Amino acid sequence: MIVLEKRPQPSRAWSLMTPVVAVVITMIAGGLLFAALGKNPAEAIGTIFWEPLFGEYAFFYRPQLLVKGAPLVLIAIGLSLGFRAGIWNIGAEGQYIVGAICGAGAGLAFYPMESVFIFPLMVLAGALGGWCWAMIPALLKVKFGTNEILVSLMLVYVAEQLLASVSLGLLKNPQGFGFPGSRNLQSYESAFNAELIEGSGMHWGVVAAFIAVILSYVLLNKHILGFNIRLTGEAPRAARFGGVNPTRLILFCLGMSGMLAGLAGMFEASGPAGQISIDFNVGYGFTAIIVAFLGRLHPVGILLAGLLMALTYIGGEIAQSNLGLPAAAIQVFQGMLLFFLLALDLLTNFRIRFAAKGAA
Amino acid sequence: MTGTLLSIQGLTKAYPGVVANDTVSFDIQEGEVHALLGENGAGKSTLVKMIYGLVKPDTGRMVWKGQEFAPPEPRAARASGVAMVFQHFSLFDALNVAENVALGMENPPQMRDLASRIREVSENYGLPLDPYRTVGDLSAGERQRVEIIRCLLQDPKLLIMDEPTSVLTPQEVDILFKTLRKLQSEGTAILYISHKLEEIRALCDHATILRLGKNVGTCTPAETTARDMAEMMVGDTLQTPTRTAAEGGEVILDVSGLSLMPSNPFGTPLKNIHFTVRAGEILGLGGVAGNGQDELLAALSGEALTPSDAVKVKGNAIGHLGPNQRRDIGVLAAPEERLGHAAAPNMSLVENALLTGAARKNLTSNGFVNWKDTTSFAEDIIKAFDVRTPGSDRAARSLSGGNLQKFVIGREVMQNPEVLVVNQPTWGVDAAAAASIRQSLLDLAAKGAAIICISQDLDELMEISDRFGALNEGRLSAIRPAAGLTIDEIGLMMGGAHDMEVSHA
């Protein structure tokens with residue numbers, strides 16, 4: 001018989017081990033899944049995890065790791081602040097879209113003027129756009145007690161409609177032969193979020209992601225505000241007793257996560273994507289939720305988790321094209337990762353004891 | 001009626017790092033009231049959990065009426081005739097009495113039949129209870145009746161009661177004792193866990209005393225003095241707190257016309273409360289749980305805001321200030337619930353020291369936490385208040401109740417408050433720790449602080465307070481000097497027995 005026993009103290013070793021073990025179990029279960037689909041499991045797993053880093057075309061895939069990882073890390077860092085305090089922003093995808101629209105819109109408003117101030121202005125506009133979009137659920141929550149999970153999630157669909165509308169209207173490229181989508185910012189120098197080092201994948205969004213990781217680490221570990229965030233998540237009543245103002249905390253956490261998601265959207269629109277189009281968003285805002293938990297809501301963990309998730313994205317695409325694995329199988333694979341992680345989470349606070357049935 | 005009902009033989013149960021029970025043996029006779037005495041952490045709870053099938057012993061055995069007894073789960077124990085009333089009620093506020101009782105049954109009968117059974121049993125045992133009342137509206141004493149009746153419906157041979165009187169007024173205690181004696185006369189054995197020695201002397205036939213998991217002795221309570229029992233429990237001579245009567249200086253805290261709606265639907269509204277506390281004075285506030293204690297603490301700590309004039313400190317209105325602003329001017333508090341309110345369970349003692357110490361101990365600059373100072377503050381508390389823990393990095397939940405309480409009280413006392421509000425400062429704390437906590441409150445008062453001690457332990461209040469008042473349904477009785485108050489007078493101040501008379505059916 002298996003018995004769960006609560007640990008007197010959360011295990012540090014296990015909280016570090018669980019993500020690693022979860023990845024290993026995911027590989028095994030994923031391998032079984034791929035085998036059931038008639039593929040060689042070792043080859044499939046190898047393609048996903050090995051090929052992008054050390055394969056023949058790694059020079060092409062490695063920069064992609066940063067390009068795909070940066071928005072995930074940036075968004076997940078923001079989300080983790082709220083998640084730690086028990087404030088659930090599920091609508092980062094929407095904030096990401098609105099940030100992209102505002103950022104790109106700010107740039108396009110000056111087209112074709114060239115100035116060094118345009119890009120910083122776009123950064124501000126993107127951050128502000130995401131922040132505003134997140135303020136909607138935040139204000140509704142503090143004023144009327146609405147559920148931020150539902151409101152922020154539903155606003156994703158509103159944002160998607162908004163995206164479609166501006167792609168076809170306000171921001172549509174006048175020289176685009178009627179195709180939906182904005183001008184390509186990659187060919188507008190002042191607004192282009194270009195690679196800082198040629199061929200490295202390093203653009204301003206990657207820099208922003210690293211800065212966010214560092215600042216969030218400092219905030220959570222050295223600053224009273226970070227302490228209050230953790231305290232509120234651990235024991236809301238104790239936080240109230242400790243003088244934490246819940247209203248301010250909700251506004252801060254939702255605002256911050258919206259801002260970072262908006263920034264991610266803006267850097268994506270002005271860099272790798274290059275334009276605002278109907279299918280601009282690819283789900284970074286939702287995947288970032290997985291990344292945040294995979295990284296144990298810890299800044300450094302999130303950085304690693306974001307890169308791992310980017311790896312499965314890239315590796316998954318290679319596996320799709322090389323081995324003919326269905327896209328859904330890759331999504332299941334990613335889902336397994338979160339599933340096993342959350343399941344293994346138990347071991348941080350509980351220990352498993354195997355006891356013979358009926359024994360004293 | 002004289003056979004051995006349950007014989008406990010050499011039970012041992014060890015948890016990682018601690019032996020909760022070490023070869024404990026004793027017998028419970030049929031139809032006797034057997035007291036289980038011991039400090040917190042002595043292993044009483046573990047022992048009864050083994051009898052109730054919640055915990056399995058490592059070694060040792062139990063014999064129930066001559067048969068081997070090893071219940072794998074509470075259901076099996078109940079089937080044999082063991083019933084237990086826990087210290088913390090497991091009741092749903094939003095359901096009525098009958099529904100709550102039905103939830104605990106394996107095959108609940110029709111609600112109408114159950115309701116009439118409840119009414120019948122409750123009147124039979126002098127615990128009248130309306131099966132259709134919502135539990136959220138019941139007093140603590142009435143809730144306990146629900147739990148007791150839930151047990152009585154099973155027709156138990158052995159009824160285990162864990163600290164049953166901690167939530168009752170003196171009059172309610174009398175009613176409970178009558179019920180227990182009636183049960184005893186019908187042949188039901190009762191295992192009665194308590195640390196209130198006078199009660200045990202009044203009620204119990206035999207007592208088994210546990211200390212650090214070991215059975216350190218048995219006695220016949222009626223023939224043993226309370227002091228002797230306490231010393232067996234503690235294993236040492238007991239230090240009684242010493243009170244040097246204070247003259248009372250200027251009025252520090254002035255509460256006038258304080259009314260407050262509770263933040264949760266089952267809270268108690270405070271109604272027009274007036275009192276003052278002088279420097280160097282301890283005001284004891286008694287009352288049965290759930291009569292506005294939590295709300296009063298919240299209104300004084302700043303967790304609940306009131307019109308600014310309702311609470312004044314040295315003439316300055318502070319009702320509108322939040323907790324940290326009040327800490328800045330020296331108004332500190334220690335709530336009743338240690339885990340989750342006074343302290344964050346999963347956070348370290350250092351982080352918990354920061355929880356209330358940040359403002360007054362200057363532990364932050366520009367918002368950045370000075371972890372070095374915070375750690376030394378936490379370690380000062382641990383040292384000064386003899387908190388037993390391997391280190392200040394331990395999670396609050398890993399400490400025993402008494403040690404955490406010492407930490408919580410110490411954290412506030414070490415900040416030199418002008419006004420300190422404590423709620424149940426020694427609840428669930430062993431006798432030695434309780435004495436040291438009380439002494440620290442007395443010392444603080446001697447230094448000129450105004451102290452409000454909210455408690456349900458009347459002995460404690462009589463021991464340390466200068467003046468006494470009682471909360472009843474959110475109202476505060478007149479405040480009277482504590483010296484010379486009789487138990488009857490106190491009971492009346494607490495609102496009598498809440499209309500709970502013994503029925504003479």
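Just so we're on the same page: letters track the sequence lines, and every chain starts at 1. What you see is a predicted model; the values in this text were computed from it and never measured.
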Looking only at B:Ser301, B:Ala358, B:Ala333, the option with the highest number of non-hydrogen pairs under 4.5 Å against chain A is B:Ala333

Pair A:Arg240 + B:Glu303: basic N to acidic O under 4.0 Å:
no

Review point. Step by step, would you call B:Thr389 with B:Arg394 a side chain to side chain donor-acceptor pair (under 3.5 Å)?
Key: CA-CA 7 Å; B:Thr389 170; B:Arg394 289 310 161 110; 5.7 Å; no

Given B:Val369, B:Thr356, B:Asn352, the one with more heavy-atom pairs under 4.5 angstrom with chain A than any other is B:Val369

Residue from B:Gly322, B:Gly302, B:Pro335 scoring the most non-hydrogen pairs under 4.5 Å with chain A is B:Pro335

Applying a strict 4.5 Å limit to non-hydrogen atoms, the region of A:Val244 in contact with chain B is neither

From the list B:Asn366, B:Asn324, B:Thr364, the residue making the most non-hydrogen contacts under 4.5 Å with chain A is B:Asn324

Check your understanding: Using 30° and 60° as the class limits, which term best fits the ring planes of A:Trp88 and A:Phe293: parallel, tilted or perpendicular?
Key -> parallel

| Side-chain contact, heavy-atom cut-off 4.5 Å: B:Met50 with B:Lys13? | yes

So, the part of B:Glu337 with a heavy atom under 4.5 Å from chain A: the answer is side chain

*Validate the cation-pi geometry between B:Arg327 and A:Phe241: distance from NZ or CZ to the six-membered ring centre under 6.0 Å, angle to the ring axis within 45°.*
yes

Exercise. Answer whether the closest heavy-atom distance between the side chains of A:Pro299 and A:Ile77 falls below 4.5 Å.
Key: yes

The interface call for A:Asn221 against chain B, heavy-atom contacts under 4.5 Å, is backbone

